[in-house]
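Labels below follow one simple rule: chain letters A, B, ... track the order of the sequence lines, proteins then strands, and each chain is numbered from 1. Hydrogens, waters and symmetry mates are skipped; everything else that's a heavy atom, side chains included, is used.
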Amino acid sequence: MLNRRLSVALVAYALAWIVALVLSIRKKRISVRYSMVWFAMAVSIFVVGAFPNLVKLINGFFGFEVIANLIIGFLITLLAIVTLALTFYIAKQKKQINALIQEVSILKKKMKDGDEK
Amino acid sequence: MESDKRVLVIIPAYNEQDSILKVYKTVLKNKGLDIVVINDGSNDNTERILTENRIPHVTLIENLGIGGAVQTGYKYAAAEGYDVAVQFDGDGQHRAEDLRKVIKPVLLDEADMVIGSRFCGVEKGGFKSTLMRRTGIKAISGAIKLKTKKKIYDTTSGFRAVNRRLIELFAADYDSEYPEPISTAAAILHGCRVKEVPVRMKAREGGRSSIVAHKSAYYMINVVLQIMTKEENVK
């Protein structure tokens, strides 16, 4: 069974995350689009903390001996998903930056050629 | 060249101050070819040499690596309406005497891509590479064979000519790290005719190769993975 103190801690932790995210969005430090995955993580942690019986039910399926292991496993999986999503963004941005550098450089050549004519 | 097709020689150069002028001059001896040097954000005197000698060049505002540099050349060729593009290294490894041999099958429409190859019908003498590198090339060649059913002997050769169709394909999508074997596999998977012609290569005249020995294993795994995960029959 999920210890009561741990439950409270998880809920508080999740709420802190959500507050930090909302503040970051308001200060435009993070875009809503890229905050989604973090919100998903915070909400998941909240659910785990707020509904210990649900966790117990789920553990009935997975069969961890210690429920903490289920939670840790769950969080690691979430982090892995976040990291994977970030890797996608990086690959996409690298492609965009490459294209930008290439096009700007070609344009610069054309401008220089135009100046010389 | 004995054709009305417009041919662009793309010469990628990263810190090639010792060789770039010489390479440009030898390529220039082949009449009827346009040349563009892609200065990949060099931090030596490459830019000064290019400007002082009025060598047509695009200077990348940041270093992109060989793939990004060459792709810039393909984008330029695509925008300027070239029919054929030839990739020719800026370090003096490739011989300008072989240019016609590599371009001809594309001009005659016998192939969509021609690779200047060190290993097919080996011409004696000239270039010899390290055991590690040869092993890597063999593994990559095997992966291409497995994936495309076609044997390519010199998969890492940066001496190649392509027609308009592949200029457009490469302008849109070109691997930034290890482009040669991956673009070759892509060309075959797109149903293009890829041909190898034997050429000789010299030892490098200056600068450093982008393939360093201790990176060989990473290189091999990266390329093999990329080739094996490519989509098939994308026509």
Side-chain angles (χ1 to χ4, degrees), chain A residues 20-21 24-41 44 61-62 69 72-117, chain B residues 8 10-14 34-42 46-48 50-82 85 167-168 170-179 182-183 222 225-226 229:
Chain A
L21 282 171
S24 302
I25 290 172
R26 283 176 60 170
K27 286 188 180 165
K28 300 199 187 304
R29 277 200 207 124
I30 184 173
S31 71
V32 174
R33 181 187 159 87
Y34 295 122
S35 69
M36 290 301 180
V37 67
W38 294 108
F39 268 118
M41 182 169 148
S44 308
F61 176 75
F62 286 106
N69 285 344
I72 290 168
F74 172 70
L75 290 182
I76 290 174
T77 308
L78 270 181
L79 282 176
I81 292 169
V82 171
T83 314
L84 190 65
L86 288 177
T87 315
F88 290 154
Y89 297 148
I90 290 172
K92 193 179 159 197
Q93 289 192 336
K94 182 173 191 278
K95 244 184 143 172
Q96 291 170 329
I97 293 169
N98 264 13
L100 209 61
I101 290 171
Q102 292 171 332
E103 296 296 342
V104 169
S105 304
I106 291 174
L107 270 177
K108 272 182 98 174
K109 172 186 165 44
K110 285 186 180 164
M111 278 170 65
K112 229 168 130 187
D113 290 352
D115 286 347
E116 283 170 11
K117 270 177 195 167
Chain B
L8 178 71
I10 300 165
I11 307 178
Y14 176 61
D34 288 347
I35 302 171
V36 67
V37 174
I38 311 292
N39 175 11
D40 189 10
S42 298
T46 304
E47 177 66 21
R48 196 169 57 80
L50 292 172
T51 309
E52 280 179 6
N53 294 282
R54 304 181 71 83
I55 299 173
H57 65 283
V58 173
T59 301
L60 294 177
I61 55 176
E62 287 285 336
N63 172 262
L64 285 184
I66 179 71
V70 171
Q71 189 183 32
T72 308
Y74 284 121
K75 283 188 173 171
Y76 182 77
E80 299 290 316
Y82 282 94
I167 289 176
E168 282 169 13
F170 292 162
D173 186 18
Y174 203 66
D175 185 67
S176 59
E177 271 188 302
Y178 309 116
I182 291 154
S183 59
N222 182 317
L225 253 176
Q226 285 211 52
T229 52

*Region of B:Leu64 that comes under 4.5 Å of a non-hydrogen atom in chain A*: side chain

*With rounding to the nearest 0.5 Å, note down the distance linking OG1 in B:Thr72 to NZ in A:Lys109.*
12.5 Å

Donor-acceptor contacts, no H, no angles, side chain residues 88-97 of chain A, under 3.5 Å, sequence neighbours left out:
{"unit_1": "A:Lys94", "atom_1": "NZ", "unit_2": "B:Ser176", "atom_2": "OG", "d": "3.1"}

*Mind checking whether B:Tyr76 and B:Ile38 have side chains closer than 4.5 Å, heavy atoms only?*
no

*Indicate whether the side chain of B:Asn222 and that of B:Gln226 have a donor and an acceptor atom separated by less than 3.5 Å.*
yes

*Without hydrogens or angle criteria, can the side chains of B:Tyr82 and B:Asp34 be said to hold a donor-acceptor pair below 3.5 Å?*
yes

*Can you check whether anything in residues 78-87 of chain A gets within less than 4.5 Å of chain B, heavy-atom wise, and list it by number?*
none

*Is B:Glu62 atom CD crowded by more than 12 heavy atoms from other residues, nucleotides or ligands, each under 6.0 Å away?*
no

